[in-house]
K.L.:
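One structure, pasted below without further comment.
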Amino acid sequence: MLPPFVLTGAAASPSGPNAMDFWPNAAVAVDERGVILYAGDASKLPEQLQSLPRQHVEGVLFPGFIDAHVHLPQLDCRGRFGETLLHWLHDFIYPAESRFVDDAVARDVARRFFRALIAAGTSTAMVYATSHARATDIAFEEAERSGLRIIMGNMLMDRGAPEPLCVPVREAMLETERLIERWHRATPLLRFAISPRFAPACSSELLRAAGALASKHDLHIQTHFNETPEEIASVHSLFPDAAHYAEMYHTTGLLGTKTVLGHSVHTGIPEVQLLSRTGTAVAHCPDSNLFLGSGRFPLELHQQHGIRIALASDVGAGTTLDMLSVMRSMCHAQGRSLHPFLPLFLATLGAAEALNLQDETGSLAQGKSADIISIPLPVRAGSQGDLHSRTAVDLASALVFTGSYESVLRHWVGGRELSATPATTVR
Ligand SMILES: [Zn+2]
């Protein structure tokens, strides 16, 4: 239980793909369970909340960002030039992930990873660990310590990679069952995700077992999909009976309303129709797609078919955990003018919808968890006082096109204030 409080200052919160609430003089009241009691104009704060202790916050209060696809073990792998996805995996990523057999490496990287998320203003993340059960335990221990909202799982892979990273199906399922028992819902903030790396690194037996395990425990599923032509060609040769990549995931039980497919860059109409029919969501990783030259995400195609889309950094192919930079990459990668409300929505409320967390987080709204950041005001938005003369569009535009920060000013998850400094992770 926490002492209830009220934050005051400027606040904004996406309310749809084309809409954002903006209150230059806001109040956000939080109860002892860390739940938002009120968010809106300060002049309308209900009378019974007016006596709560108040804190004025600089910058702009905003819902904590959601990063729907990010690799913990790749924190230190950013910016490694590998020519193609498959070369990059073999030259940099598999060697880096192999080092997680060492507990000290697993601990050090996990600690720094979650601190970096706190600093970047990411309150919720859907995370891939490595294929090591012990390193995944350590990652969950550090996730719990961080105070962040984390959906995570051990990477499932049994072929096409160096031997130490491949775990045979039976052993992988036993280890994964144990991890689920220990960590899924161990706290209100932790969830377990079934995480097959991608089809080229998994036998069909492993994919089927993964789908069955997710269904048995009603878990999220995350994997990679249609990222590069080279990867897709490899899927066609490994699974010649499947009509296409999506069909192969469908027949192995991996598509559904709790599945989040990373990338979906080279997806055509038959595949997007299958994603739509199964209610499968997509994590769009524009910064990663630009770095690896993977191609342009067919945004309109996914929108036309009602696919839920979440933005994601995909670090380490993504070069930054800063979701404002990822939003800007999204706008640039589309090659046309994109309204700034859309990327802000896809990194908050839209991502929460894609992850089925919209009742818990994603916006500053009554009844949701107090997952709140304060973003430093971009220079173009003027001084704090100037905010009163700004529109929601102007603020959104300044955040997306000129905002880029190593660190937000303050960060709360479930009403608890977090700190990215090593000494006290939670303050
Ligand atoms: Zn990825």
Side-chain angles (χ1 to χ4, degrees), residues 66-82 84-97 100 109 113 116-117 120 122 124-131 136 139 150-157 160-161 165 193-202 207 210 220-232 234-235 245 249 254 259-267 280-295 297 309-323 325-326 329-330 333 346-347 351 354-355:
I66 298 174
D67 185 344
H69 177 129
V70 58
H71 298 259
L72 179 153
Q74 298 176 19
L75 181 69
D76 301 325
C77 300
R78 287 172 278 176
R80 301 279 178 87
F81 181 65
T84 71
L85 167 68
L86 300 185
H87 282 116
W88 176 80
L89 284 169
H90 280 274
D91 291 350
F92 303 114
I93 300 307
Y94 292 154
E97 294 190 4
F100 277 63
V109 178
F113 174 78
L117 288 184
T122 295
T124 298
M126 193 156 177
V127 180
Y128 291 86
T130 63
S131 52
T136 306
I150 299 296
I151 308 172
M152 182 162 63
N154 53 318
M155 190 74 94
L156 299 172
M157 51 200 295
L165 285 177
I194 297 292
S195 312
R197 174 161 230 131
F198 64 160
C202 301
L207 293 173
H220 282 91
I221 296 172
Q222 57 179 346
T223 189
H224 295 77
F225 172 66
N226 276 348
E227 184 175 359
T228 68
E230 184 192 19
E231 159 219 5
I232 296 163
S234 133
V235 171
Y245 205 157
Y249 279 149
L254 291 168
T259 298
V260 183
L261 298 179
H263 300 293
S264 198
V265 170
H266 302 278
T267 300
T280 302
V282 162
H284 171 35
C285 314
D287 188 60
S288 162
N289 298 156
L290 288 169
F291 175 72
L292 286 175
S294 304
F297 174 66
I309 304 166
L311 260 186
S313 70
D314 191 27
V315 157
T319 58
T320 177
L321 291 168
D322 171 14
M323 292 306 291
S325 293
V326 173
S329 291
M330 176 183 175
L346 296 184
L355 271 49

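First listed ligand is number 1; within each ligand, the first listed atom is number 1.
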K.L.:
With no hydrogens and no angle check, just 3.5 Å: does a side-chain donor-acceptor pair link Ser288 and Asp314?
P.N.:
yes

K.L.:
Can you confirm whether the side chains of Tyr128 and Gln74 place a donor and an acceptor under 3.5 Å from each other?
P.N.:
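Their side chains do not contain a donor-acceptor pair, so the 3.5 Å distance test is not met.
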
K.L.:
Mind reading off the angle at the Zn ion (ligand 1) between the NE2 atom of His224 and the NE2 atom of His71, rounded to 10°?
P.N.:
100°

K.L.:
Quick check on the Zn ion (ligand 1): does Asp314 put an N/O/S atom closer than 2.8 Å to it?
P.N.:
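Yes, within the cut-off.
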
K.L.:
Is the side chain of Tyr249 donor-acceptor paired with the backbone N or O of Phe198 at a distance under 3.5 Å, no angle test?
P.N.:
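Answer holds: no.
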
K.L.:
Answer yes or no for His69: is there an N/O/S atom below the 2.8 Å cut-off from the Zn ion (ligand 1)?
P.N.:
yes

K.L.:
Anything under 30° is parallel, anything over 60° is perpendicular, the rest tilted; go ahead and classify His263 against His224.
P.N.:
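His263 vs His224 ring planes: parallel.
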
